[in-house]
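For reference, the structure is listed below as structure tokens.
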Amino acid sequence: MNSINDYTDIVGFETIEEIKKIGSYLSGKIIQNINSTPVGGGVAEILGRMVPLMKEVGVDARWDFIKGGERFFEVTKKMHNSLHGMKEDITEDDFRHFLDVTDENLREMNLYGDIICIHDPQPIGLVKIKNNNNHKDKKFIWRCHIDLSSANVKTFNFLKKFIEKYDYSVFSSPLFAKKLKIPQILISPSIDPLSDKNKDLPQQTINDVLEKFGIDPEKKTITQVSRFDRLKDPLGVIDVYRLVKKHVDCQLVLAGGGATDDPEGIEVFNEVVAKAGGDKDIHVFKLPPASNIEINALQRASTVVLQKSIKEGFGLTVSEALWKSKPVVASAVGGIPLQITHRHSGLLSRTTEGTALYVKQLIQNPEYAKQLGENGHEHVKRNFLITRHLRDYILLFLKTGFKEDTVYL
Amino acid sequence: MENRANYPFKFYTRLTLPQLTGAYALNLKELLGGIKKSDDPIIYYHTHHYLIQHRYHIPSSPNDFAYWITERLGEDLLGEEISSLDFFNCKTLDEYKDEIIDKITAFMSENKKTKNVEMGGRFNFMRAITFIMNTGKEAYTLKEFVDILRHITVFSIYYHFFESHVRLRSAELNDFSLWIKDEIKLPELADKIANLDPYTLTIEKFKEDIIKLTENYI
């Protein structure tokens, strides 16, 4: 595990010093983070890094998760899809089951934090305890990591009853904000530049990974790293590859892990394998959670990185690729336009054909691709690294103790 | 002999958290309406946050209103007019806001039709929660001052140049120039720093320029 001081070479001593100083103002407060899964998916990944760093800068941060059986996670997956605007049949019985599991968790969990930060919809109902006398002085924050801009009204209204009980809500993009009675804070997520997924790798490690997966190191490579999820449009990525392949010889890598709260993944993976249809230049990998070095190497070995999402929370894989100075073509959805300024730090696309056009442009114009990648790296360095994210969370926790919009520490 | 101040320069820093207001615009008319309703913190946010966000390159439109008008509505002329408004010519944020309103109103009065954007391209009105903190660093001489400047974040530079002088309009000059003029007795250097145009530099380049100017007087 990296120490906060290890980031000095990347962001500068003065930035680390500043974070430690603001962290010291939270002395004596316990920050309790709660989400639904310890492994898999962007939220668990961020908390796994963030909580130890918070502790190191003097913030007593803890991390707990709710429990939920297979049925609960099927319901929350449907809710997740529905919040992204997909049609899902969520029955009254489903909602009732969600509430029952929430009550079970409330009975079993100890909400001991002074500031309780709940991540995403699965544990959202825990805020019910705020009405309890023992919890009235606690501050509750709902951290929404998903794109609510096309949320199904029925599902959102079900959640809104809980959201408006919180003291603060936090969104990853201005586009995800809704009309709410509580303050809405904007905190972009981040990547960890020193994690196995993002740190520099020796060329030999990259070569070894390519050999292990049977990828031709000499051939132009288009890569999408994402969970096997319909919202990431892996089938559309194959369409893009086939359009590009007509004109430029290339190979496609589709690689992703699975989260424990995502039962749909296997189904989508099988559809992708079927659509690949035995094409030897399409490499589809379902990677276990500990495959960070492999993902890092696959991104670094890519000629172009794609993120062809139909809907996206923030799309951290874009920042991961940009950090590696890779040219990225990504859909202009969710938080992706915050990471890519079109034609400056990457290319934003809206259609399969447009995506294919941009991929061809980048493969055939390496200098242009290099410039976009370098600009993207600089943008990520200043705006989407874990140190900025850590600072924003500490500021938000501090804000819960002040009413004014200008806080003098 | 180097001048020594009676009162040290105390370095503060300013950090912010963006807050969403929930208000947004899909066309020029709604943007104008939103600007009219916006208070100082909203106007300030949309005309200054880019200085911190884009620290390595100068964006083509140096404020959010101009950027949105140009990039989303495709109105290059109006975008350029709003981009080029000189903030330092205005005594208050209200005056600056009025100039933006006047430009948009004049443009609309010529009956020019502008487009509506989709929800994904909307203009989101935002403000910032500001945190101000003493860094604990102090300088009594110009040398000490520049040594600290080299090792503080751009957020501190931002605070001392913009907070009292620009955002709050409670001081005639930026903090650096005031201290250098009153305590170090170097009005020429104070003026040179005051005359730097932070809106056409990146904040990192701006910091470098202040350091270079100051080094010439040590």
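These values consider heavy atoms only, across backbone and side chains, with no hydrogens, waters or symmetry-generated copies. By convention in this document, chain letters (A, B, ...) are assigned in the order of the sequence lines, proteins followed by strands, and residues within each chain are numbered from 1.
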### Task
Name all pairs fulfilling the salt bridge (Lys or Arg N to Asp or Glu O under 4.0 Å) condition that reach into residues 395-409 of chain A, sequence neighbours left out, sorted by first residue then second.
none

#### Entry: Interchain contact, A/Ser149 with chain B, by part (heavy-atom threshold 4.5 Å)
neither

### Summary
side-chain contact (heavy atoms from CB on, under 4.5 Å) test vs B/Leu17 passes for just one of A/Ile187, A/Leu398, A/Val407, namely A/Ile187

### Task
Mind checking the OG1-OH spacing from A/Thr341 to B/Tyr67? Nearest 0.5 Å is all I need.
5.5 Å

### Summary
Expected contact set for residues 19-31 of chain B against chain A at heavy-atom separation under 4.5 Å reads B/Gln19, B/Leu20, B/Gly22

### Task
Taking atom CD of B/Glu80 as the centre, report whether more than 12 heavy atoms of other residues, nucleotides or ligands fall under 6.0 Å from it.
no

### For A/Ser331, side chain to side chain donor-acceptor pair (under 3.5 Å) partners two or more places apart
none

### Exceeds 12 heavy-atom contacts within 6.0 angstrom, atom NZ of A/Lys165
no

### Task
Would you please go through residues 145-153 of chain B and name the residues with a non-hydrogen atom below 4.5 Å from one of chain A, in numerical order?
B/His151, B/Ile152, B/Thr153

### Task
Give, as side chain, backbone, both or neither, the part of A/Tyr25 having an atom under 4.5 angstrom from any heavy atom of chain B.
side chain

### Message
If I measure from the heavy atoms of chain B, does A/Phe402 come under 4.5 Å with its side chain, its backbone, both, or neither?
### Response
neither

### Query
Atom CG in A/Leu186, atom CG in B/Asn124: separation rounded to 0.5 Å?
9.5 Å

### Query
If you count heavy-atom pairs under 4.5 Å with chain B, which of A/Leu409, A/Ile185, A/Leu395 comes out on top?
A/Leu395

### Query
Near A/Lys29 NZ, under 6.0 Å, is it more than 12 heavy atoms from other residues, nucleotides or ligands?
no

### Query
With a 4.0 Å cut-off, would you call B/Lys137 and A/Glu17 a salt bridge?
yes

### Message
Using every non-hydrogen atom in the two residues, find where A/Pro174 and B/Met126 come nearest and quote the distance to one decimal.
### Response
CG-SD, 4.0 Å

### Summary
One should read off an interatomic distance between A/Glu18 CD and B/Leu15 CG, to the nearest 0.5 angstrom, of 4.5 Å

### Message
Is the shortest side-chain heavy-atom distance between B/Met133 and A/Ile22 below 4.5 Å?
### Response
yes

